[in-house]
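These notes are about the structure you will find just below.
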Amino acid sequence: MERLRHDDPSHVGPYVILARLDSETAERTVPERRYLGRTADGQRTVLVCVPRVGSDPSRWAIEAEGARRLSLPRLLRVEEVGGTAGFPWYASPYTPVLPLPAVLAAYGGPLPEDTVRRLGAALAEGLTAAHGRGVTHAGLSPAAVLVTAGGPVLACFGAVRAAAPDGTRRTGLPGLDPGCLAVEQASGGAPGPLGDVFALGAVLAYASTGHTVPEQGELPPGLRTLVGSCLSSDPAVRPQSAQEVLGELVFPGTGPAASEAPYVQAGTVLDHGAVPLPGRVVAALAAQSAALLAAELLSPQQPFAAAEKVH
């Protein structure tokens with residue numbers, strides 16, 4: 001949770017903007033601008049997202065409406081889409097939430113392997129459901145993973161597609177950590193499920209080491225083979241589905257056959273327990289909630305005075 005800057009909006013639709021979700025240092029790898037806002041009567045608090053500067057607002061609005069129509073496990077629920085052709089926005093119900101980079105900052109470094117496995121399994125569950133509907137995320141990255149007390153959710157669905165004007169694909173996609181971009185997508189290929197598998201491997205690497213392109217020796221021994229295969233430049237060498245990754249995370253060492261077992265079908269991850277978060281991360285979530293509750297709505301005579309940065 002960050003103070004507003006002079007170039008941030010004071011209002012988006014019916015919402016008064018209270019704070020930014022992302023830090024300035026994380027801005028480069030976030031495909032949309034994310035704010036915490038509240039209705040003028042103080043009754044509803046939301047996460048409000050608007051297009052990244054330089055994005056195609058029409059395409060972004062289409063992607064936001066598509067996300068609103070999706071009902072998938074581990075996908076951030078888009079409750080409301082509004083705005084104008086030049087300045088669209090969407091809102092999601094607020095719950096205390098930290099982007100994955102802020103989670104590592106709160107914890108003080110890379111996360112324990114068990115936590116990484118559980119976070120990854122929850123994300124793989126969401127991707128399995130999305131791919132089963134013929135939908136790809138196409139922009140999975142650490143910034144697109146929002147961690148709540150109930151585990152992670154996938155955000156920024158489709159935002160990277162809107163953030164990439166023609167001609168930028170070969171040099172990277174605006175708002176996306178380059179380590180999360182599969183070779184075939186970087187060279188102009190259409191996003192597909194195996195690109196999401198690559199990006200999921202990069203997210204697992206980030207949670208384990210603090211960056212998306214680690215040396216093999218930096219990874220926890222129990223994750224080296226899986227993450228290494230996910231990050232292969234050859235799509236044929238990667239796990240061939242998010243469900244295969246899910247099986248390997250929940251039942252390590254069982255290999256590709258795990259994806260065929262009935263106990264790793266989509267929707268069963270929570271049967272293996274919730275995603276326990278380290279105490280420092282839980283404390284950061286609680287501190288964000290408290291700071292947001294204490295934030296006062298702007299009045300015409302009152303300058304913004306947000307709580308200090310929390311994470």
Listed pairs under 3.5 Å, donor-acceptor, residues 191-202 side chains, sequence neighbours left out:
residue: Asp196; atom: OD1; partner: Ala138; partner atom: N; Å: 3.0
residue: Asp196; atom: OD2; partner: His131; partner atom: NE2; Å: 2.8
residue: Asp196; atom: OD2; partner: His137; partner atom: N; Å: 2.9

Show which side-chain atoms of residues 101-115 pair as donor or acceptor with protein atoms under 3.5 Å away, not counting sequence neighbours.
residue: Glu113; atom: OE2; partner: Arg117; partner atom: NE; Å: 3.2
residue: Asp114; atom: OD2; partner: Arg118; partner atom: NE; Å: 3.2

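Looking only at distances, no side-chain donor or acceptor of Arg33 sits under 3.5 Å from a matching main-chain atom of Val50. A donor-acceptor pair under 3.5 Å is formed between the side chain of Arg52 and the backbone N or O of Val30. Looking at Thr128, its side chain does come within 3.5 Å of a backbone N or O of Gln243 through a donor-acceptor pair. A donor-acceptor pair under 3.5 Å is formed between the side chain of Thr148 and the backbone N or O of Gly150. Side-chain atoms of Arg28 never come within 3.5 Å of backbone atoms of Asp177 as a donor-acceptor pair (strictly under, hydrogens ignored).
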Go through the steps for Val153 and Leu75 under the test side-chain contact (heavy atoms from CB on, under 4.5 Å), then give the verdict.
CA-CA 5 Å; Val153 294; Leu75 176 67; over 6 Å; no
Go through the steps to decide whether Tyr90 and Trp60 satisfy the test ring-ring contact (aromatic ring centres under 6.0 Å, His included), and finish with yes or no.
CA-CA 10 Å; Tyr90 72 79; Trp60 188 91; 5.4 Å; yes
Give the intermediate values and the outcome of side-chain contact (heavy atoms from CB on, under 4.5 Å) for residues Val97 and Val147.
CA-CA 5 Å; Val97 61; Val147 178; 5.9 Å; no
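Looking only at atom types and distance, the side chain of Tyr35 has no donor-acceptor partner in the side chain of Glu2 under 3.5 Å away.
Nearest heavy-atom pair across Gln240 and Pro235 is NE2-O, 3.0 Å. Minimum heavy-atom separation, Ala121 to Leu246: O-CD1, 3.4 Å. Heavy-atom minimum distance, Leu76 versus Leu146: CD2-CD1, 4.3 Å. Residues Ala67 and Phe157 approach most closely at CB-CB, 4.3 Å, considering heavy atoms. For Leu176 against Gly139, the heavy-atom pair with the smallest separation is CD1-O, 3.7 Å.
Applying the 6.0 Å contact sphere to CD of Gln216 captures more than 12 heavy atoms from other residues, nucleotides or ligands.
At least one side-chain heavy atom of Ile17 sits under 4.5 Å from a side-chain heavy atom of Leu4. The side-chain heavy atoms of Arg38 and Leu292, taken from C-beta on, include a pair separated by under 4.5 Å. Using a 4.5 Å heavy-atom cutoff, the side chains of Thr39 and Val16 are not in contact. Side chains of Cys156 and Arg34 form a contact here, defined as non-hydrogen atoms less than 4.5 Å apart. The shortest distance between side-chain heavy atoms of Glu32 and Ser55 does not fall below 4.5 Å. With a 4.5 Å cut-off on side-chain heavy atoms, Pro51 and Pro88 count as touching. For the pair Leu285 and Leu277, the minimum side-chain heavy-atom distance is below 4.5 Å. Considering only heavy atoms from C-beta on, Cys49 comes within 4.5 Å of Leu47 through its side chain.
Salt bridge annotation for Glu63-Arg68: absent, with no cationic side-chain nitrogen under 4.0 angstrom from a carboxylate oxygen. Using a 4.0 Å cut-off between a side-chain N of Lys or Arg and a carboxylate O of Asp or Glu, Arg77 and Glu79 qualify as a salt bridge. Ion pairing of Asp7 with Arg5 is present here, as a side-chain N (NZ or NE/NH1/NH2) and a carboxylate O approach within less than 4.0 Å.
Remark: Thr136 OG1 to Leu127 CG distance equals 9.5 Å, nearest 0.5 Å.
Pairs passing the side chain to side chain donor-acceptor pair (under 3.5 Å) check and including a residue from residues 93-102, sequence neighbours excluded, read Tyr94-Gln288. For residues 197-211, the side chain to side chain donor-acceptor pair (under 3.5 Å) pairs, not counting sequence neighbours, are His211-Glu218.
Applying the side-chain contact (heavy atoms from CB on, under 4.5 Å) criterion to Ser232, with sequence neighbours excluded, gives Asp234, Val237, Arg238. By the side-chain hydrogen bond (donor to acceptor under 3.5 Å, both in side chains) test, Ser289 pairs with no residue at all, sequence neighbours left out.
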